[in-house]
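In listed order, ligands and their atoms are each counted from 1.
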Amino acid sequence: MNGDLHGLDIEPRVTLLDALRDRLGLTGTKKGCDHGQCGACTVHIDGERVLACLTLAAQAEGRTVTTIEGLAREGEMHPVQAAFLEQDAFQCGYCTPGQIMSAVACIREGHAGSDGEIREYMAGNLCRCGAYPHIVAAIRQAALEVAS
Ligand code: FES
Ligand code: FES
């Protein structure tokens, strides 16, 4: 988990989302629906984006989990985090951790080639504040920075 080893003794039914928030105190990952429909709970397992509300904590055993809290390096924001800030890509901030984790993976997957592609591959992350145009701009900016 974000570079540290965590041993947890939990019931098999506990989701990764609840384990993160309630057992590890990592509250950056949000619960917007708990049904796989909003994307607020997006984290990475072994570098790939997954919905933590549809993942059992047990499924993460022995694997590398990265959450929004683990994205910055030595206090330095990840380029996607910096771009979200610069482009005003959030308002209330509740969807933002999921948006950012999803965006990092979206760029890594090579799905940030155009605004249309970004919109399509970020469609799993809902934002009620309507920050979508700014989110697309931030991802476009970060994708260029990551590539250079
Ligand atoms: S809380 Fe997981 S998709 Fe909504
Ligand atoms: S910034 Fe409020 S839901 Fe996206």
Practice item. Would you please say whether a donor-acceptor pair under 3.5 Å links the side chains of Q37 and H35? Key: no
**Study point:** Check: L56 main-chain N/O paired with Q59 side-chain donor or acceptor under 3.5 Å
**Key:** yes
Check your understanding: Does the side chain of N2 come under 3.5 Å of the side chain of T67 through a donor N or O and an acceptor N or O?
Key -> yes
Review point. Does Q141 reach the main-chain N or O of A83 with its side chain, forming a donor-acceptor pair under 3.5 Å?
Key: no
Check your understanding: Are a donor atom and an acceptor atom from the side chains of R49 and T42 found within less than 3.5 Å of each other?
Key -> no
Practice item. Spell out the protein N/O/S atoms under 2.8 Å from atom 4 (Fe) of ligand 1 as residue plus atom name. Key: C33 SG, C38 SG
Practice item. With the side chain counted from C-beta on, respond yes when L26 and M1 share a heavy-atom pair under 4.5 Å apart, and no when they do not. Key: yes
Exercise for review: For R21 and T29, indicate whether the former's side chain and the latter's backbone hold a donor-acceptor pair under 3.5 Å.
Suggested key: yes
Check your understanding: Would you call R140 and D115 a salt bridge, using N to O less than 4.0 angstrom?
Key -> yes
**Study point:** Residue-atom pairs from the protein, N, O or S only, that lie under 2.8 Å from atom 2 (Fe) of ligand 2
**Key:** C92 SG, C129 SG
Exercise for review: Using modelled atom types only, decide if a donor and an acceptor are shared between the side chain of Q81 and the backbone of H78 within a distance under 3.5 Å.
Suggested key: yes
